[in-house]
Amino acid sequence: MPDHSAPPTRRSRTAPCRVLLLGGTGEAADLARLIPGRFGDDVVLTTSLAGRTKPPMHIPGDVRIGGFGGVEGLTAYLRDHAVDLVLDATHPFADQVSAHARLACEATAVDRVMLVRPMWRRDPLDRWIEVADLAGAAAIVGKVGRRVWLTIGISEIGAFADVADVWFLVRSIHAPSNPLPLKLHEIVIGRGPFGLLEEQRILQEHAIDVLVCKASGGAATEAKLSAARERGLPVVMLRRPPPPPGPRVASVDSALDWLAGQLAGGGPHRQEEVAG
Ligand code: NAP
């Protein structure tokens, strides 16, 4: 009879590698799809989602949903599930979970890599106004426009609650469960990736005169910037929080290579430069 009371042990040479993939992004969904094909039984993969979007993003394979309960909860999860490696493919603005992953991995001596997408490249015709945070965006938006398209995520809309004399268009993955704390607004439902035609149509139909977005990077949400550039519109761009220290890769392919290096016993992976 197997001894179920014994705690799971860390990976031995023959055991599969247990990988926790922190997700919530298109890149994480790609990794969840590609890892089984590339590594087969050598990897046991679990993808973790915060559970903010309903229905959740479709992810193949084993998925767990919901917070871990801070650094302590994540540390316990890594120990209890004998996790060998953590792939942090969360959104560049999801700085809390990435900070927790760093500390939990340090506490458990689990190797971790962050997939940090490259920044968008600024075109000479772009009219970006960079701000440090949402408060900065809220302070400036009424000075540059009257019809504002907010593409920052519905949970953070409250930062604009006191902005007067401005109409907001809000794009959300799902209909909000509570009324938005905005004086004048309309909601459009949509889940990326978004194409240029779609973004041009939104700007035109709603007579948008300023866009507010996060410097998320990535192709899935880049078309709105091209559409704004074409119309000569200002874009209030929230700067990214700096990622926590630790090894980074900039693409799904590089994350797969990092994993291959770890499985081969390659030790610490080279840190890639993420274009700024
Ligand atoms: P956050 O501020 O960094 O994290 C807040 C808390 O949510 C974390 O402390 C953690 O709870 C939980 N959490 C976040 N990501 C998780 C994951 N993948 N699995 C399990 N728990 C997770 O994150 P956020 O900005 O709210 O983003 C939430 C999720 O949406 C992330 O997975 C992110 O990749 C995705 N996302 C975020 C943005 C954005 O603009 N922030 C945009 C697109 C997608 P506990 O402390 O209880 O563990």
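Remember, predicted model here, so these are calculated numbers, not experimental data. When a ligand or atom number is given, it counts from 1 through the structure's own listing order.
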Pick whichever of Ala89, Ala50, Ala28 has a heavy atom sitting closest to atom 28 (C) of ligand 1.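 Nearest heavy atom to atom 28 (C) of ligand 1 lies in Ala50.
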Would you mind finding which of Gly51, Gly67, Pro92 brings a heavy atom closest to atom 12 (C) of ligand 1?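 Nearest option to atom 12 (C) of ligand 1, by heavy atoms: Gly67.
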For Pro245 versus Arg112, what's the shortest heavy-atom pair and its separation?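 Answer, listing the atom of Pro245 first, then Arg112: O-NH2, 2.8 Å.
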Which heavy atom in Ser172 sits nearest to a heavy atom in His174, and how many Å separate them?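 The answer is OG-O, 2.6 Å.
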Could you check if a side-chain atom of [X] sits within less than 4.5 angstrom of a side-chain atom of [Y], using non-hydrogen atoms only?
{"X": "Val131", "Y": "Val212", "answer": "no"}
{"X": "Arg201", "Y": "Gln204", "answer": "no"}
{"X": "Asp111", "Y": "Gln262", "answer": "yes"}
{"X": "Asp257", "Y": "Arg38", "answer": "yes"}
{"X": "Phe168", "Y": "Glu186", "answer": "no"}

N or O pair under 3.5 Å between [X] and ligand 1:
{"X": "Leu22", "answer": "no"}
{"X": "Gln96", "answer": "yes"}
{"X": "Ile152", "answer": "no"}
{"X": "Glu156", "answer": "no"}
{"X": "His91", "answer": "yes"}
{"X": "Arg64", "answer": "no"}

I need the nearest protein heavy-atom contact for [atom]: residue, atom name and distance, please.
{"atom": "atom 20 (C) of ligand 1", "result": "Ser48 OG, 3.1 Å"}
{"atom": "atom 47 (O) of ligand 1", "result": "Gly69 N, 2.9 Å"}
{"atom": "atom 25 (O) of ligand 1", "result": "Ala94 CA, 3.5 Å"}
{"atom": "atom 48 (O) of ligand 1", "result": "Phe68 N, 2.7 Å"}
{"atom": "atom 7 (O) of ligand 1", "result": "Arg52 NH2, 3.0 Å"}
{"atom": "atom 8 (C) of ligand 1", "result": "Val97 CB, 4.1 Å"}

Quick check with a 6.0 Å cut-off and a 45 degree axis cone: is Arg64 positioned over the face of Tyr77's six-membered ring?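 Pair Arg64/Tyr77 counts as cation-pi.
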Need the ligand 1 atom indices (1-based, order shown) with element for anything under 4.0 Å from a heavy-atom of [X].
{"X": "Gly70", "value": "45 (P), 46 (O), 47 (O), 48 (O)"}
{"X": "Asp95", "value": "3 (O)"}
{"X": "Gly24", "value": "32 (O), 34 (O), 35 (C), 36 (N), 44 (C)"}
{"X": "Lys214", "value": "39 (C), 40 (O), 41 (N)"}
{"X": "Thr90", "value": "34 (O)"}
{"X": "His100", "value": "9 (O), 46 (O)"}

Please state which part of Glu27 comes within less than 4.0 Å of ligand 1, counting heavy atoms only: side chain, backbone, both or neither.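 Under 4.0 Å from ligand 1, Glu27 contributes no heavy atoms.
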Which segment of Leu49 sits under 4.0 Å of ligand 1 when only heavy atoms are counted: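 Backbone only.
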Tell me whether ligand 1 is touched by Ser98 - counting only heavy atoms on the residue side and a distance under 4.0 Å.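 Per 4.0 Å heavy-atom rule, Ser98 does not contact ligand 1.
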Would you check whether Gly23 reaches within less than 4.0 Å of ligand 1, judged by its heavy atoms?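 Yes, Gly23 has a heavy atom closer than 4.0 Å to ligand 1.
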Under-4.0 Å heavy-atom contact between protein and atom 23 (O) of ligand 1: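 Yes, because at least one protein heavy atom sits under 4.0 Å from atom 23 (O) of ligand 1.
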Sequence-distant partners of Ala138, side chain to side chain contact (heavy atoms under 4.5 Å, CB included), two or more places apart: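 Listed in chain order: Phe160, Val163.
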Side chains of Thr90 and Ser98: do they bring a donor and an acceptor to under 3.5 Å?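 Yes.
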Between the side chains of Thr46 and His81, is a donor N or O closer than 3.5 angstrom to an acceptor N or O?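 Their side chains do not contain a donor-acceptor pair, so the 3.5 Å distance test is not met.
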Nearest-0.5 Å distance, CD1 of residue Ile35 to CG of residue Leu87: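 Result: 5.0 Å between the selected atoms.
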Can you check whether Gly218's main-chain N or O pairs, donor with acceptor, with Trp120's side chain at less than 3.5 Å?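 Yes, the answer is positive, given that a donor and an acceptor are paired below the 3.5 Å cut-off.
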Under a 4.5 Å side-chain heavy-atom rule over Ile, Leu, Val, Met, Phe, Trp and Tyr, are Ile129 and Leu225 clustered together?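 Cluster IDs for Ile129 and Leu225 differ.
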Pairwise salt bridge (charged side-chain N to carboxylate O under 4.0 Å, His left out) hits with a residue in residues 158-175, at least two apart: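 Listed once each, the pairs are Arg171-Glu199.
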